[in-house]
Amino acid sequence: MLASSAMRVAVAVSLTISLLVLRSEAQLAGHWEGSMVREGLPLQVSFDFANGAQPKGTFTSLTQNAMEFPLDAVSVSGNAAHFVLGGSIIFDGRVRADQITGTFTDNGEKGDFSLRRAEPKPLPYEAIEVTFHNADVKLAGTLCIPREPGRHAAVVLLQGSGSETRWGTNRFIADQFARSGIAALVYDKRGSGASSGDWKTSSYDDLANDAIAGLELLASRPEIDAKRIGLHGHSEGGIIAAIAAAHAPSKVAFVVAEDTVAGLVRDQDFYRTSHQIAQAGFNDAEVKDALTMYKLMLDVACGTKRYRELATASRNIQDKSWYQWLAIPPEDSYLWRWYPKVGNLDTLVFWKQVRVPVLLVYGERDQLVPVDESVAKIEHALDGVNTPYTAIIVPNAQHNLTVQPEPNGPFFWWKAAPGIVDLVVAWGQQRVETMR
């Protein structure tokens with residue numbers, strides 16, 4: 001009898017705790033709008049939270065051209081809410097009725113945030129979850145289709161380097177295209193998000209074939225005009241767009257390439273590293289030694305020299321701060337197997353095969369690629385085959401087409417380069433209108 005009573009008490013306590021947790025999650029679930037304030041400067045933001053075995057959330061900042069970017073972690077205890085954005089911005093707040101207020105820290109810098117529950121504005125287009133295949137790789141994405149009847153022009157949005165999902169900037173660009181009447185497919189890069197495969201074992205041809213599979217998915221849908229489908233790619237995505245346009249010319253109607261590589265990929269890697277290390281506080285002799293070592297690393301990564309040459313050259317300098325800054329991968333790293341597939345590729349080979357209208361966009365302050373040289377090289381390749389193009393250099397913009405505070409300068413919230421997405425969308429609208 002005592003055991004039975006104890007069991008009933010334990011069950012009652014367990015149910016009470018479960019109800020409290022569910023109530024906390026329910027209080028957080030929904031759409032919230034407000035601002036983050038740092039040094040007196042506000043940034044308009046919104047968050048969306050959902051219940052589940054583990055609460056989830058997304059972040060949107062139209063100023064930063066970020067839409068539905070997944071939070072790294074969300075937890076609720078009573079009326080205390082904790083969530084993490086981008087691995088470094090940590091929020092701690094209190095949920096009270098229809099408000100969440102609290103503080104955040106961003107790499108040691110502190111600020112306040114305030115959110116209010118709001119009704120989300122309905123989208124003027126359908127956002128449909130889709131999957132498509134390139135051989136045995138399944139690619140997962142979102143297709144944004146305008147609600148107006150008719151067969152729409154469309155664009156496939158391609159990812160940059162590394163592991164990238166459909167969320168954030170690409171999701172925002174898809175939103176803007178769809179609002180303009182152009183359907184947009186945005187998908188998780190292979191090996192990222194809900195897509196299978198592994199970009200670390202893939203060539204640029206593999207990624208271009210993923211893009212072509214996306215083109216084919218769009219062309220198969222009755223709402224899409226198969227003759228008016230283009231490609232949009234930033235950085236590595238611009239490389240993939242050029243390759244896909246060269247491999248499947250009848251399937252690509254236009255190309256937008258932003259801050260992309262012109263020439264050998266390994267040359268861009270060396271350019272990027274030479275600029276970054278020059279700003280890292282090393283003296284001239286250290287920079288020279290570091291770049292000599294990095295060039296050797298690229299030779300090994302591209303397969304023209306053996307790893308043992310790099311190991312021998314590194315043996316007596318591993319305690320040097322510049323060597324540690326280089327962070328040369330160990331011999332068992334994926335990089336040594338993956339890089340030969342990409343580092344030796346010359347993108348100009350493919351630009352010379354592109355025959356559809358091209359829009360080139362570069363940030364004036366891009367330090368990852370040489371801006372003027374890159375534009376000139378691609379222009380020369382396109383001029384050689386009489387391909388029409390437009391080239392734009394965005395004032396004050398970095399490689400990711402954002403405007404950032406200067407090092408040690410006054411704080412302001414970084415922002416997407418004003419008007420650039422509007423310009424890209426308007427250019428796309430002009431192109432597809434001439435193809436009717």
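Quick note: numbers below take in every heavy atom, side chains included, and nothing from hydrogens, waters or symmetry partners. Throughout, residue positions are numbered sequentially from 1 according to the sequence presented. Since the model is a prediction, treat every value here as computed from it, not as a measurement.
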Quiz item: Does NZ or CZ of R38 come closer than 6.0 Å to the centre of the six-membered ring of F411, within 45° of the ring's axis?
Solution: yes
Self-check item: Face-on cation placement of K200 at W338 ring, 6.0 Å and 45° thresholds
Solution: no
Side chains of [X] and [Y] in contact at under 4.5 Å (non-hydrogen atoms):
| X | Y | answer |
| --- | --- | --- |
| Q159 | E236 | no |
| R315 | T312 | yes |
| D372 | I393 | yes |
| L310 | M293 | yes |
| T142 | I128 | no |
| L43 | Q64 | yes |
| S75 | F83 | no |
| D259 | N400 | no |

Salt-bridge contact [X]-[Y] (side-chain N to carboxylate O under 4.0 Å):
| X | Y | result |
| --- | --- | --- |
| E406 | R365 | yes |
| D205 | K341 | no |
| E331 | R308 | no |
| D98 | R116 | no |
| D175 | R179 | yes |
| R151 | E223 | no |
| D269 | R266 | no |

Quiz item: V256 pairs by side-chain contact (heavy atoms from CB on, under 4.5 Å) with which of L359, L231, L157?
Solution: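 Testing V256 for a side-chain contact (heavy atoms from CB on, under 4.5 Å) against L359, L231, L157 leaves exactly one candidate, L359.
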[Y] backbone acceptor or donor facing [X] side chain under 3.5 Å:
| X | Y | result |
| --- | --- | --- |
| K189 | G160 | yes |
| K377 | G263 | no |
| T105 | G108 | no |
| D366 | V369 | yes |
| T347 | V261 | yes |
| Y294 | I328 | no |
| S195 | D188 | yes |

Exercise. Decide salt bridge (charged side-chain N to carboxylate O under 4.0 Å, His left out) for E129 and R166; before the verdict, give the C-alpha distance in whole Å, the side-chain angles of both, and the deciding distance to 0.1 Å.
Key: CA-CA 11 Å; E129 299 300 295; R166 75 195 85 168; 2.8 Å; yes
Atom [atom1] of [X] with >12 non-hydrogen neighbours under 6.0 angstrom:
| X | atom1 | result |
| --- | --- | --- |
| E119 | CD | no |
| H380 | NE2 | no |
| F69 | CZ | no |

Practice problem: Quick one: do E216 and R221 satisfy salt bridge (charged side-chain N to carboxylate O under 4.0 Å, His left out)? Show the steps, please. | Solution: CA-CA 9 Å; E216 292 170 347; R221 296 186 66 98; over 6 Å; no
Self-check item: Steps toward salt bridge (charged side-chain N to carboxylate O under 4.0 Å, His left out) verdict (D299, K295)
Solution: CA-CA 6 Å; D299 288 340; K295 183 178 183 302; 3.6 Å; yes
Say you draw a straight line from [atom1] of [X] to [atom2] of [Y]; how long is it, rounded to the nearest 0.5 Å?
| X | Y | atom1 | atom2 | value |
| --- | --- | --- | --- | --- |
| I212 | N209 | CD1 | CG | 5.0 Å |
| L368 | S235 | CG | OG | 7.0 Å |
| L291 | T273 | CG | OG1 | 7.5 Å |
| W351 | I378 | CH2 | CD1 | 5.0 Å |
| L28 | L115 | CG | CG | 9.5 Å |
| S314 | K320 | OG | NZ | 13.0 Å |

Quiz prompt | side chain to side chain donor-acceptor pair (under 3.5 Å) between R190 and S202, intermediate numbers included | solution = CA-CA 9 Å; R190 60 165 60 197; S202 303; 2.9 Å; yes
Exercise. Just do the side chain to side chain contact (heavy atoms under 4.5 Å, CB included) check on Q404 and W413 with the steps written out, would you?
Key: CA-CA 8 Å; Q404 303 274 351; W413 289 103; over 6 Å; no
Self-check item: Audit row: Q279, Q367, side chain to side chain donor-acceptor pair (under 3.5 Å) steps and yes/no
Solution: CA-CA 11 Å; Q279 298 174 357; Q367 295 192 8; 2.7 Å; yes
Self-check item: Donor-acceptor side-chain pairing of Y389 and D383 below 3.5 angstrom
Solution: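 There is such a pair (donor and acceptor under 3.5 Å, judged by atom type) between the side chains of Y389 and D383.
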Self-check item: Derivation of the salt bridge (charged side-chain N to carboxylate O under 4.0 Å, His left out) call for D225 and R436
Solution: CA-CA 9 Å; D225 183 347; R436 284 186 180 276; over 6 Å; no
Quiz item: Residues two or more places apart in sequence or in another chain: which of them pass salt bridge (Lys or Arg N to Asp or Glu O under 4.0 Å) with E258?
Solution: none
Self-check item: Residue from F49, W32, F59, F113 passing ring-ring contact (aromatic ring centres under 6.0 Å, His included) with F91
Solution: F113
Quiz item: Got a sec, which residues hit ring pair (Phe, Tyr, Trp, His ring centres under 6.0 Å) with F177, two or more places apart in sequence or on another chain?
Solution: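 Expected list: none.
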Quiz prompt | Ring centres under 6.0 angstrom apart (W199, Y334) | solution = yes
